[in-house]
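Take a look at the structure below.
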Amino acid sequence: MTTAPLHAWDLSPKDAIALQKALAGAVVRSDRFGPGGRRAIKQVAGVDVAFADGGRTIRAAVVMLTHPGLDVTDQILIERPTTFPYVPGLLSFREVPALLEALRQLPTMPDLILCDGHGYAHPRRFGLACHLGLWLDVPTIGVAKSRLTGSHDEPGPAKGDIAWLLAGKGVRPGERLGAVLRTRERVKPVYVSAGHRISLKTAVTLTLRCATRYRLPEPTRLADKLSKVHRTGS
DNA sequence: GCGACAG
DNA sequence: ATCTTGTCGC
């Protein structure tokens, strides 16, 4: 096998997996906000994508909000051809390129990004949130709606209740990969895991802080809504 | 070999 | 993810 380019998105599945293994070790899983590593979070962004034309077009959306006020300050929506198929475990190669194009159109880079998908809770510990965060060197959190890997018990029924997502057989079995968090009473929980430059504990705290009255935290919920806005409205 | 499998 | 209508409940 040839050496996988350290910065390319059009890789074969085999090379994409090799790249994930090579970059996983560079992900920082402790709190390092801002240039100095301890700046306050004043801006938080949510990102998500949707597909159109039977999957041939990918639409990336980013919504910027103030923190902790959660007032929307910027909204970006871009479209481009889909270039990578959906392959479990390789989601970042399909969505990150479009997300980067949308994020670079923001007037300023956010202090934190909430992603729709897993971060550390990934077969090779390199989910979409890790990949995007490492690429931009910005703190990121993975907030997924369903499980990709690992096992867990059912969290309590109250808002804020959690259950740990634990690794199955493989390297470090039983390792804590993320948290299954109940963001609203009696609603299906979400899976929270660290992306880049953040600890799991802080990821859970911030996700909960952004989850005001819906199952999904505001940044991600609004980005999801924006990505599905068809051309006609404004 | 047989399932599982983010969006 | 997307394809799809109405409907039950707070």
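Naming convention: chains lettered A, B, ... in sequence-line order (proteins, then strands); numbering from 1 in each chain.
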Rounded to whole angstroms, how far apart are CG on D116(A) and P on dA6(B)? 12 Å
Heavy atoms only, 4.0 Å cut-off, all strands: where does G54(A) land among base, sugar-phosphate and nothing? nothing
Could you state the CG-P distance from L114(A) to dG7(B), rounded to the nearest angstrom? 14 Å
Using a heavy-atom cut-off of 4.0 Å across all strands, would you classify A52(A) as base, sugar-phosphate, or nothing? nothing
Which part of the nucleic acid, if any, lies within reach of Y86(A) when heavy atoms closer than 4.0 Å are counted: base, sugar-phosphate only, or nothing? base
Which pairs would a plain distance check flag for residues 173-188 of chain A, meaning a side-chain donor or acceptor within less than 3.5 Å of a matching protein atom at least two apart in sequence or in another chain?
residue: E175(A); atom: OE2; partner: Y120(A); partner atom: OH; Å: 2.6
residue: R182(A); atom: NE; partner: G156(A); partner atom: O; Å: 2.8
residue: R182(A); atom: NH1; partner: V187(A); partner atom: O; Å: 2.9
residue: R182(A); atom: NH2; partner: E154(A); partner atom: OE2; Å: 3.1
residue: R182(A); atom: NH2; partner: P155(A); partner atom: O; Å: 2.7
residue: R182(A); atom: NH2; partner: G156(A); partner atom: O; Å: 3.1
residue: T183(A); atom: OG1; partner: R215(A); partner atom: O; Å: 2.5
residue: R184(A); atom: NH1; partner: R213(A); partner atom: O; Å: 3.3
residue: K188(A); atom: NZ; partner: K145(A); partner atom: O; Å: 2.8

How about Q43(A) and T73(A): does a side-chain donor come under 3.5 Å of a side-chain acceptor? no
Carefully, step by step, assess V49(A) and D116(A) under the rule side-chain contact (heavy atoms from CB on, under 4.5 Å). CA-CA 8 Å; V49(A) 306; D116(A) 189 74; over 6 Å; no
Mind checking whether I58(A) and V47(A) sit in one hydrophobic cluster, side chains of I, L, V, M, F, W, Y counted as touching below 4.5 Å? yes
F51(A) has an atom CZ; how far is it from atom C1' of dA6(B), in whole Å? 12 Å
Measure from OH on Y214(A) to P on dC10(C) and round the result to the nearest Å. 17 Å
Base-paired stems in DNA chain B, each at least three Watson-Crick or G-U pairs under 3.5 Å: none
Between S146(A) and dG7(B), does any side-chain N or O lie under 4.0 Å from OP1 or OP2? yes
Under the 3.5 angstrom rule, does the side chain of R59(A) hit a backbone N or O of S227(A) as a donor-acceptor pair? yes
What's L90(A) touching, base or sugar-phosphate or nothing? Going by heavy atoms closer than 4.0 Å. base
Atom CD of E95(A) and atom P of dA1(C) are separated, to the nearest Å, by 9 Å
Can you tell me the distance, in whole Å, between the CG atom of L148(A) and the P atom of dG7(B)? 9 Å
Over 60° means perpendicular and under 30° means parallel, so tell me whether H131(A) and F126(A) are parallel, tilted or perpendicular. tilted
Within less than 4.0 Å of OP1 or OP2 of dG7(B), is there a side-chain N or O belonging to R94(A)? no
Let me know the distance between NZ of K228(A) and P of dT4(C), rounded to the nearest Å. 16 Å
Donor-acceptor contact present, side-chain H122(A) to main-chain G89(A), <3.5 Å: yes
Considering just the side-chain nitrogens and oxygens of K145(A), establish if one lies under 4.0 Å of OP1 or OP2 belonging to dA6(B). no
Return the value, rounded to whole Å, for the distance between atom OH of Y191(A) and atom C1' of dG7(B). 15 Å
